Amino acid sequence: MARKDDLGRLGEEHAARYLTDAGYTLLARNWRCEQGEIDLIVEQDGEVAFVEVKTRSGIGFGHPFEAITVVKLARLRRLAAAWCEQADAWPERIRIDAIAVILAPGAVPVIEHLPGVF
């Protein structure tokens with residue numbers, strides 16, 4: 001399990017770097033409340049994105065996006081509302097994004113970003 005957790009953390013690091021390089025401001029990493037956790041929370045041009053990051057070492061067991069179910073998206077929506085309720089000011093616009101990171105051994109990381117999946 002530790003290897004899987006390490007892979008997930010490394011994927012989140014790549015995703016955070018990808019987003020900041022694209023001009024996003026990182027607001028939070030691994031934000032938690034009673035209902036669960038949001039991997040990354042970023043902001044750009046007044047819009048806050050709640051980002052689910054899925055990392056795999058390959059696609060032998062399916063693409064990382066396949067692990068983001070309707071149930072997971074509904075939970076992310078509830079988590080986003082919980083974050084907004086505790087924030088100093090409610091953001092003008094919010095969305096939920098998904099990022100897939102494929103970290104195949106010896107290969108350059110492949111990162112796919114789907115803004116506004118929900």
Side-chain angles (χ1 to χ4, degrees):
M1 187 62 103
R3 185 173 179 271
K4 180 183 172 193
D5 292 342
D6 291 343
L7 183 69
R9 277 191 289 277
L10 186 56
E12 286 178 10
E13 182 61 38
H14 281 287
R17 191 173 316 121
Y18 170 87
L19 291 168
T20 56
D21 288 349
Y24 289 85
T25 300
L26 184 62
L27 301 178
R29 287 181 83 153
N30 304 114
W31 181 84
R32 296 173 192 260
C33 70
E34 291 178 359
Q35 300 167 22
E37 176 185 309
I38 299 173
D39 295 330
L40 301 172
I41 303 172
V42 296
E43 184 272 332
Q44 185 179 51
D45 300 326
E47 186 169 36
V48 173
F50 303 91
V51 185
E52 176 68 10
V53 180
K54 289 297 182 189
T55 307
R56 299 289 183 269
S57 59
I59 57 169
F61 292 102
H63 192 280
F65 286 142
E66 293 178 50
I68 303 175
T69 64
V70 173
V71 172
K72 178 69 173 176
L73 288 172
R75 182 166 10 117
L76 286 167
R77 186 175 176 195
R78 288 190 304 272
L79 289 166
W83 184 88
C84 289
E85 288 174 4
Q86 62 85 48
D88 292 332
W90 192 277
E92 288 183 35
R93 296 179 316 272
I94 64 171
R95 68 175 198 248
I96 294 175
D97 291 5
I99 291 186
V101 182
I102 299 174
L103 297 174
V108 174
V110 176
I111 300 171
E112 296 178 62
H113 178 202
L114 293 177
V117 295
F118 196 69

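The model shown is predicted, which means the values in this text are computed figures rather than measured ones.
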Can you find a heavy atom in the side chain of Val101 that is under 4.5 Å from one in the side chain of Pro64? no
Rounded to the nearest 0.5 Å, what separates atom CD1 in Ile99 from atom NE2 in His14? 12.0 Å
For the student: nearest non-hydrogen atoms of Ser57 and Pro105, plus distance: O-CD, 3.9 Å
Rounded at 0.5 Å granularity, tell me how far CG in Leu76 sits from CZ in Phe118. 9.0 Å
Distance (rounded to the nearest 0.5 Å) between Arg75 CZ and Ile96 CD1: 11.5 Å
What one should report as the nearest heavy-atom pair of Trp90 and Glu85 is CZ3-N, 3.8 Å
Carefully, step by step, assess Val117 and Glu52 under the rule side chain to side chain contact (heavy atoms under 4.5 Å, CB included). CA-CA 10 Å; Val117 295; Glu52 176 68 10; over 6 Å; no
Ion pair present between Glu13 and Arg29, side-chain N to carboxylate O less than 4.0 angstrom? yes
Can you give me the closest heavy-atom contact between Pro115 and His113, atom names plus distance? CD-O, 3.4 Å
Might you point out which heavy atoms bring Leu79 and Gly36 nearest each other, and give the distance in Å? CD2-N, 3.6 Å
Separation of Phe61 CZ from Arg56 CZ (nearest 0.5 Å): 10.5 Å
So which atom in Gly8 and which in Thr55 form the shortest heavy-atom distance, rounded to 0.1 Å? O-OG1, 4.1 Å
Heavy-atom nearest pair, Gly116 first then Asp97, reads N-OD1, 2.8 Å
Give a yes or no on this: more than 12 heavy atoms of other residues, nucleotides or ligands lie within 6.0 Å of atom CZ of Arg17. yes
Are Val51 and Ile94 in one and the same hydrophobic cluster, where Ile, Leu, Val, Met, Phe, Trp and Tyr link if side-chain heavy atoms are under 4.5 Å apart? no
What about Leu114 and Leu73, same hydrophobic cluster or not, with Ile/Leu/Val/Met/Phe/Trp/Tyr joined at side-chain heavy-atom distances under 4.5 Å? yes
Rounded to the nearest 0.5 Å, how far apart are CG of Leu40 and OH of Tyr24? 12.0 Å
How far does CG of Leu19 sit from CD of Gln44, to the nearest 0.5 angstrom? 9.0 Å
What do you reckon, is CD1 of Ile59 surrounded by more than 12 foreign heavy atoms closer than 6.0 Å? no
Heavy-atom donor-acceptor pair, Asp39 side chain to Val53 backbone, under 3.5 Å: yes
Between Arg9 and Asp6, does any NZ, NE, NH1 or NH2 come within less than 4.0 Å of an OD or OE carboxylate oxygen? yes
Check for me, please, whether Tyr18 and Leu26 land in the same ILVMFWY cluster - side-chain distances under 4.5 Å, paths through other members count. yes
Side-chain heavy atoms of Leu103 within contact of Leu10, under 4.5 Å: yes
Partner set under side chain to side chain contact (heavy atoms under 4.5 Å, CB included) for Thr25, not counting sequence neighbours: Leu27, Glu43
Would you say CD of Glu92 has more than 12 non-hydrogen atoms from neighbouring residues, nucleotides or ligands within 6.0 angstrom? no
